[in-house]
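In what follows, a single structure is set out as structure tokens and then discussed.
Reckoned from all heavy atoms, side chains included, excluding hydrogens, waters and symmetry mates. Computed from a predicted model, the values in this text were never measured in an experiment.
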Amino acid sequence: MSAQQQQAYQNEKALWLIEITEQKMEKLLAYMTEARRNIDRSDYARIGEIIKNDERMLNYLKCDSVLSHKNDHLEAQRASYLSCLKNFDEIKERIEAVRSSTHQSSDEVLSKVTQYSYEPELIPKQKNESNADFEF
């Protein structure tokens, strides 16, 4: 999925970029939920970098313009963009919960991270290969 995302970005296809980024964030959230006990700090750092990069791409192509009233006809894309923003925030909160855990027990951290429940919509569960290759 990252190759498609890069292609959409390079071709300045903002609406396609929004769609791909939304799908990527949903998969990333599902991965974080399913593999939460096997993700270490370096994985969380990598996920944080992915989020920053995706936010930069959306900002650079001015994807927030779908929120403008002039673009009311882009209702589906608006919903996708807002979903991306919501997912970015949720992932950042999970990462922050792990980062702030340096002085807390692992049980306290796990309870913070597991409070998020992500239920993908009609997406079959994938096997967790635990390779942390984040090519969504």
Worksheet item: Is E49 salt-bridged to K52, cutoff N-O under 4.0 Å?
Response: yes
Worksheet entry | Rounded distance [0.5 Å steps], NZ in K27 versus CD in E34 | 12.0 Å
Discussion item. Looking at A79, is its backbone amide N or carbonyl O close enough to the side chain of S83 to form a donor-acceptor pair, meaning the two atoms are under 3.5 Å apart?
Written reply: no
Item to complete: Would you check if K62 and D64 make a side-chain contact, meaning some heavy-atom pair closer than 4.5 Å?
Response: yes
Worksheet item: Given side chains that start at C-beta, do those of Y9 and Q6 come closer than 4.5 Å, heavy atoms only?
Response: yes
Practice prompt. Indicate yes or no for a side-chain donor-acceptor contact from D54 to the backbone of T21 under 3.5 Å, with no hydrogens or angles considered.
Written response: no
Fill in: Within-4.5 Å side-chain heavy-atom neighbours: D72 and R78
yes
Worksheet item: Can you find a heavy atom in the side chain of E90 that is under 4.5 Å from one in the side chain of M32?
Response: no
Worksheet item: How long is the gap from CD on E19 to SG on C84, to the nearest 0.5 Å?
Response: 10.0 Å
Practice prompt. Answer yes or no: is there a side-chain heavy-atom contact under 4.5 Å between R94 and I47?
Written response: no
Worksheet item: Between I18 and Y81, what is the shortest heavy-atom contact and its length?
Response: CG2-N, 3.5 Å
Worksheet item: Taking the side chain as C-beta and beyond, is there a heavy-atom pair between V98 and I39 under 4.5 Å?
Response: no
Worksheet entry | Rounded distance [0.5 Å steps], CG in N38 versus OH in Y31 | 7.5 Å
Item to complete: Output, in order, the C-alpha distance, side-chain angles, deciding distance and verdict of side chain to side chain contact (heavy atoms under 4.5 Å, CB included) for I20 and Q7.
Response: CA-CA 10 Å; I20 293 168; Q7 184 180 8; over 6 Å; no
Worksheet item: How many angstroms lie between CG in N53 and CD in Q5, if you round to the nearest 0.5 Å?
Response: 7.0 Å
Worksheet item: What distance do Y60 atom OH and M57 atom CE have between them, rounded to the nearest 0.5 Å?
Response: 12.5 Å
Practice prompt. Considering non-hydrogen atoms only, spot the tightest contact between N87 and E22 and give its length.
Written response: ND2-O, 4.5 Å
Worksheet item: At their closest point, which heavy atom of K13 faces which heavy atom of L61, and how far apart are they?
Response: N-CD1, 4.3 Å
Fill in: Heavy-atom check, side chain of I91 versus side chain of L29, under 4.5 Å
yes
Worksheet entry | Under 3.5 Å donor-acceptor, D43 side chain and D40 backbone | yes
Worksheet item: Is a side-chain N or O of R99 found less than 3.5 angstrom from the main chain of R41, in a donor-acceptor match?
Response: no
Worksheet item: Which distance, rounded to the nearest 0.5 Å, do you find between the CG of L17 and the CD of Q4?
Response: 11.5 Å
Worksheet item: Is L67 close to L82 at the side-chain level, that is, under 4.5 Å between some pair of heavy atoms?
Response: yes
